[in-house]
Participant: 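Below you will find the structure I want to go over with you.
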Amino acid sequence: MNTANTTFVIIASILVLFMTPGLAFFYGGLVSKRNVVNTMLSVFFIIGIAILLWISVGYELSFNGNIHGFIGIVHHFFLANLNLKQLTATGIPRGLYLFFQMMFAVITPALFVGAIVGRIRFKFLFWFIVLWSFAIYYPMVHMVWSPHGLLANLGIIDFAGGTVVHITAGITAFVLSAFLGHRFNYGQTTKHYNLPWVLLGTSILWVGWYGFNAGSALAINNIAIQAALTSTVAAATSMVAWLFLDTHFVGKPTLVGVCTGTLCGLVGITPAAGYVTIGGAFWIGLLATAASYSFITYLKPRIGVDDALDAFGCHGVSGIMGSIATGLFATKTVNPKIPENGLFYGGGFKLFGVQLLGTLLTILFVAGMCALVISLLRLVIKMRVDETEERVGLDQGEHGETADYTVEINNDFVNYEDEFKGQMANFHHKPNHH
């Protein structure tokens, strides 16, 4: 065992796990007051269910065996008799690699929750995540990151999850939103519950992303350092780019905009983090914000799909842009293991073409399987809450809880103060009239 690499990947795994509660604060701060508990719970409970699914069959379906390059085979149910001490190429035990990948299985479905807040039944969401994991996530992991995977053999490269995590979550968000239909208050400006939470959530996500991207090197080496640097540069570039766009088009810089821009940069660089130069990271950050900002501002209103917190606009669009841009900016000078240089580094169209094709196949596969899973599940479980519950809010309707437990002032007491003084009113000091 390489103890340095093992320590590094343990820390990286914990950082990725920390991203999910960070996402709960990010989304919880963005929604209206009546849906805070539902939104945060819908993100947080995924930690439990995703871990149990992963150790029971998820790891095996993702990485063990191979059925036509599409999915694995379960030989060790609940990891029974699986040799977790076997060392991988970077000297870390298989059990740790399993642990690291488990955290990706946790955060990915949590990302698409932002699209459907305020109108989906919790029971439907629960069973959708179970079926989605089997039908979409485990096959995507196998196809991209298993040595026998279809997309891996096609030649697609994805350093830390542009296709597997962000495009998958983004397309799922879009399809779910389309099936659910508009919120009743669609088009009205939603008053965000807590903007400081949005900043807190963004900060936790950014810190956690170092586990996500640098950790994907699976060793303390130059690739991990490069991934940390490129992630930082892309996030900073996207943040500033969104700030300028907001200032120009909205007239004021906004906290929500800056936080969204930051995440777009982190999403965009994810598939390329260990393959590109610092200059490449700058351009990817710029392209990610340009694409996401354009979609959210101009295309989304025309399409009319009600993605409440822009899960597709951020993760889907920036993920697609990052995956394609990897074919432009990847270079063997940063990572000699990649099959080809990108288009801008003398590699011709080969890698770019593969990235384009792999991205398109990912979109088609995820969209098709999502539509199938939703259509089947709707036959047995009602998908959307009724109008009354939606207007009251899912905090009360689905959970019987509220985000605020402060006692509100009774207006009657304020308006008719004298009537509530009772006998004590006679003891009030009265001025002497001499």
Side-chain angles (χ1 to χ4, degrees), residues 5 8-9 11-20 22-23 62-63 88-90 92 96-108 110-111 137 140-146 149 151-152 156-170 205-235 238 262-278 280-281 284-285 288 314-316 318-327 329-330 334-335 337-338 342 355 358-359 362:
N5 290 350
F8 171 65
V9 178
I11 293 167
S13 304
I14 293 165
L15 284 171
V16 179
L17 175 63
F18 193 41
M19 293 172 78
T20 302
L23 189 70
S62 299
F63 292 106
T88 65
T90 56
I92 66 170
L96 179 55
Y97 180 67
L98 178 153
F99 182 62
F100 181 65
Q101 283 290 341
M102 178 196 289
M103 300 315 170
F104 282 65
V106 167
I107 186 71
T108 308
L111 295 172
Y137 185 71
M140 275 305 305
V141 175
H142 187 81
M143 286 191 283
V144 176
W145 285 336
S146 165
L151 294 175
I156 193 170
I157 56 174
D158 183 356
F159 188 74
T163 50
V164 176
V165 176
H166 295 294
I167 298 177
T168 300
L205 284 165
W206 191 342
V207 170
W209 228 289
Y210 291 110
F212 207 87
N213 285 2
S216 290
L218 301 174
I220 293 183
N221 56 25
N222 287 324
I223 304 299
I225 294 164
Q226 187 72 9
L229 282 169
T230 54
S231 300
T232 308
V233 170
S238 275
T262 303
L263 295 185
C264 286
L266 290 164
V267 170
I269 197 62
T270 293
Y275 305 136
V276 300
T277 63
I278 304 300
I284 288 173
C314 181
H315 296 278
S318 285
I320 290 166
M321 181 55 71
S323 183
I324 295 169
T326 303
F329 295 101
V334 170
N335 194 328
K337 292 181 181 177
I338 62 172
Q355 291 300 114
T359 302
T362 300

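Treat the numbers as computed from the prediction; the structure is a model and nothing was measured.
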Participant: Quick check: do V164 and F104 have side-chain heavy atoms less than 4.5 Å from each other?
Facilitator: no
Participant: Evaluate the criterion side chain to side chain contact (heavy atoms under 4.5 Å, CB included) for residue pair L218 and T88; output intermediate values, then yes/no.
Facilitator: CA-CA 9 Å; L218 301 174; T88 65; 6.0 Å; no
Participant: Who pairs with I278 by side chain to side chain contact (heavy atoms under 4.5 Å, CB included), at least two apart in sequence or on another chain?
Facilitator: Q226, L229, T230, V233
Participant: Evaluate the side-chain proximity of V267 to W209: yes if any heavy-atom separation is below 4.5 Å, no if none is.
Facilitator: yes
Participant: Can you name the nearest heavy-atom pair linking A219 to V9, along with the distance?
Facilitator: N-CG2, 4.5 Å
Participant: Mind listing the closest non-hydrogen atom pair of A12 and F100 along with its distance?
Facilitator: CB-CE1, 4.1 Å
Participant: I need the M321 CE to C264 SG distance, nearest 0.5 Å.
Facilitator: 11.0 Å
Participant: Start with the C-alpha gap between W206 and S231, add the side-chain angles, then the distance that decides, and say whether side chain to side chain donor-acceptor pair (under 3.5 Å) holds.
Facilitator: CA-CA 9 Å; W206 191 342; S231 300; over 6 Å; no
Participant: Say you draw a straight line from NZ of K337 to CD1 of I223; how long is it, rounded to the nearest 0.5 Å?
Facilitator: 7.5 Å
Participant: Output the distance between atom CZ (F159) and atom CD1 (I269), rounded to the nearest 0.5 Å.
Facilitator: 10.5 Å
Participant: Determine, stepwise, if the pair L15 / V207 fulfils side chain to side chain contact (heavy atoms under 4.5 Å, CB included).
Facilitator: CA-CA 7 Å; L15 284 171; V207 170; 4.0 Å; yes
Participant: Heavy atoms only: give me the nearest T90-A217 pair and the separation to one decimal.
Facilitator: CG2-O, 4.2 Å
Participant: Should the pair F212 and H166 be assigned to parallel (<30°), tilted (30 to 60°) or perpendicular (>60°) ring geometry?
Facilitator: tilted
Participant: Hey, what do you get for OG1 (T108) to CD1 (I167), rounding to the nearest 0.5 Å?
Facilitator: 12.0 Å
Participant: How close do I284 and A272 get, heavy atom to heavy atom, and via which atoms?
Facilitator: CD1-CB, 3.8 Å
Participant: Look up atom CG in L111 and atom CG in L205, then write down how far apart they are to the nearest 0.5 Å.
Facilitator: 8.5 Å
Participant: Roughly how far, to the nearest 0.5 Å, is CZ of F99 from CD1 of I92?
Facilitator: 11.5 Å
Participant: Can you name the closest pair of heavy atoms from A273 and N213 and give their distance?
Facilitator: CB-ND2, 3.9 Å
Participant: What is the minimum heavy-atom distance between G285 and S238, and which atoms define it?
Facilitator: O-OG, 2.6 Å
Participant: F63: which residues meet the side chain to side chain contact (heavy atoms under 4.5 Å, CB included) condition with it, sequence neighbours left out?
Facilitator: W54, Y59, Y97, Q101, V141, W145
Participant: Considering residues at least two apart in sequence or located in another chain, which fulfil the side chain to side chain contact (heavy atoms under 4.5 Å, CB included) criterion with L17?
Facilitator: I47, M103
Participant: Begin from the C-alpha positions of D158 and T163 and carry the test side chain to side chain donor-acceptor pair (under 3.5 Å) through to its verdict.
Facilitator: CA-CA 7 Å; D158 183 356; T163 50; 2.5 Å; yes
